[in-house]
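Have a look at the structure below, then the notes.
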Protein chains: 2
Amino acid sequence: MSPSSAAHDVSFLRLTSLPMLLEREIESMILDGRLSIGGRINENQLAATFGVSRGPVREALRSLEALGLVELLPNRGVFIRSLDIAQVVEMYGVRAALFGYAAQLLASRTDAGEVARLRTLLDEMTEAAQAHDFDRYYPLNFAFHDFIVEQAGNGVLTAQYRGLVKQLRLYRAGNLMTGNTLELSNEEHARIVEAIARRDAASAYQTSFDHVERGKERLLARSVSLARAEERRA
Amino acid sequence: MSPSSAAHDVSFLRLTSLPMLLEREIESMILDGRLSIGGRINENQLAATFGVSRGPVREALRSLEALGLVELLPNRGVFIRSLDIAQVVEMYGVRAALFGYAAQLLASRTDAGEVARLRTLLDEMTEAAQAHDFDRYYPLNFAFHDFIVEQAGNGVLTAQYRGLVKQLRLYRAGNLMTGNTLELSNEEHARIVEAIARRDAASAYQTSFDHVERGKERLLARSVSLARAEERRA
DNA sequence: CGACATTAAATTGTTGACACTTTACACTCG
DNA sequence: CGAGTGTAAAGTGTCAACAATTTAATGTCG
């Protein structure tokens, strides 16, 4: 075997393990809602479900704790983490800073192909927004943000951003946008794309930061009105 | 027991556990250099050292992996994570974004007491810098940055920032500043403090972001000259 | 002498059993 | 009845033994 000919890493050496597998599976159970937020996880039951012993399950849960998806209370058990609105607000702030930084980086290194891709996503979102088709808009919106972060070319940034977005999925109720907020949000996307296309790093940062902050305010407004409705119901 | 009289949480219910304890201990072993970077961790040996079985040790190591302090290679073992210069550069970028955001937040909500504290730290750093006393400068410098992040009032931000700083300690060789870079760096601190004191959020962000970015460049310059020296030695 | 196959040792992976803690339930007493 | 107590069940915490894999060492052949 010639050592220098293969640019590929020799990481075919079993890149996965049982705890890692369980971690991914439990994670998707949480994010898909198959495990209810705030609820308790029964180690025995979970281990039985997967046909393994509790050891690997416990290891997987330790990882998920560090990722902020579950909480471990000693001698009490593992609980699916539930976020209150204050934590969500904090996360949105950090997300704004990270997303702004991503756009700034991308603006200073982007090529025509990336801009074209962004414009395509933007056009598709515009269509979906005009049709008030949230189900079509949502994945495009996600792809738009993720593309910017990914193409920024900073792996640490990507990991941090995605980890935060993952945690934010623990907060249900905020995922919906009503009617014209879709169009409002997408106008902000347009400004971001233009800043990146102009290679204006400062503007890319600012428009992107503001976009997430406005998203936070939209969520907050919705959350307040939801809380009011809850109050009246009680 | 009256329920509302005690503002204290009843979280005295054993807030720690053996794996958490081990996690903290192993972490400090890594950061103190008692476990050498890049080296392999022997589970049996480590468990024997603490007088416990391998189970809790493995759980602790899973947490440390998610925190980015160790790497787990299935069937191969656990290795203390070693950072290459490219990863360090990426981390500095994210750190710049987070620290900039912290300063921005603090500028928009700070009070006189906080500014006074910052000025005190600044004065002490100025003294240490003029005396070229790195050992005195370093903890002050750390406290300065951490104080800004802490007082920004965003717990998620604080956790993310500290996690990143912790990981950066895995990169040895960069911790030293020579002669006049101390004074250069501290002049940047002064600009940050002034921006915060003026409650100028935009300026606080920019000066703080730039400060970390310049720190990155200073590190990079040092790293390049070190690599050159290494080359000559070979 | 070096490359390769074979075997032994060391180390990780997983399990089931047991100890300890918490929780739920029934019981007693005021 | 209701508060408090005691007991049983359920669940988490820890361990030591066994299985599987990797690594090191040994021996063999070209």
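To find a chain, count down the sequence lines: A is the first, B the second, and so on, and within it residues start at 1. Everything numeric here is computed off the predicted structure, so don't read it as measured data.
Atoms CG (B:L18) and C1' (D:dT12) sit 13 Å apart, rounded to a whole Å. In this entry the distance linking CD of B:E59 with P of D:dT12 reads 12 Å, nearest Å. Separating the CG atom of A:L61 from the P atom of D:dT12 is a distance of 10 Å, rounded to the nearest angstrom. When rounded to the nearest whole Å, the span between CG of B:L73 and C1' of C:dT11 equals 14 Å. In this entry the distance linking CZ of B:F79 with C1' of D:dT22 reads 11 Å, nearest Å.
Contact between the side-chain N/O atoms of A:R58 and the OP1/OP2 oxygens of D:dG13 is found at a separation under 4.0 Å.
Evaluation of the side chain to side chain contact (heavy atoms under 4.5 Å, CB included) rule for A:E124 yields A:T120, A:L121, A:L140 as partners, not counting sequence neighbours. Not counting sequence neighbours, the partners of B:F99 by the ring pair (Phe, Tyr, Trp, His ring centres under 6.0 Å) test are B:H145. Taking the ring pair (Phe, Tyr, Trp, His ring centres under 6.0 Å) definition, one finds that B:F144 meets it with B:H189, sequence neighbours left out. Residues meeting the ring pair (Phe, Tyr, Trp, His ring centres under 6.0 Å) test with A:Y101, sequence neighbours left out: B:F209.
Using a 4.0 Å heavy-atom cutoff across all strands shown, A:V78 reaches no nucleic acid atom at all. Note on A:G55: a base of the nucleic acid sits closer than 4.0 angstrom, heavy atoms only.
Within the structure, the side chain to side chain donor-acceptor pair (under 3.5 Å) test picks out the following pairs touching residues 48-61 of chain A (sequence neighbours left out): A:E43-A:R54, A:E43-A:R58, A:R58-B:E59, A:E59-B:R58, A:E59-B:R62.
Against DNA chain D, the stretch residues 37-47 of chain A makes heavy-atom approaches under 4.0 Å through A:R40, A:I41, A:N42, A:E43, A:N44.
A donor-acceptor contact under 3.5 angstrom links the side-chain atoms of A:R54 to the base of D:dG13.
For the pair B:K166 and B:E27, the minimum side-chain heavy-atom distance is below 4.5 Å.
The side chain of A:N75 approaches C:dT21 more closely than any other nucleotide in the set C:dT21, C:dT14, C:dT23.
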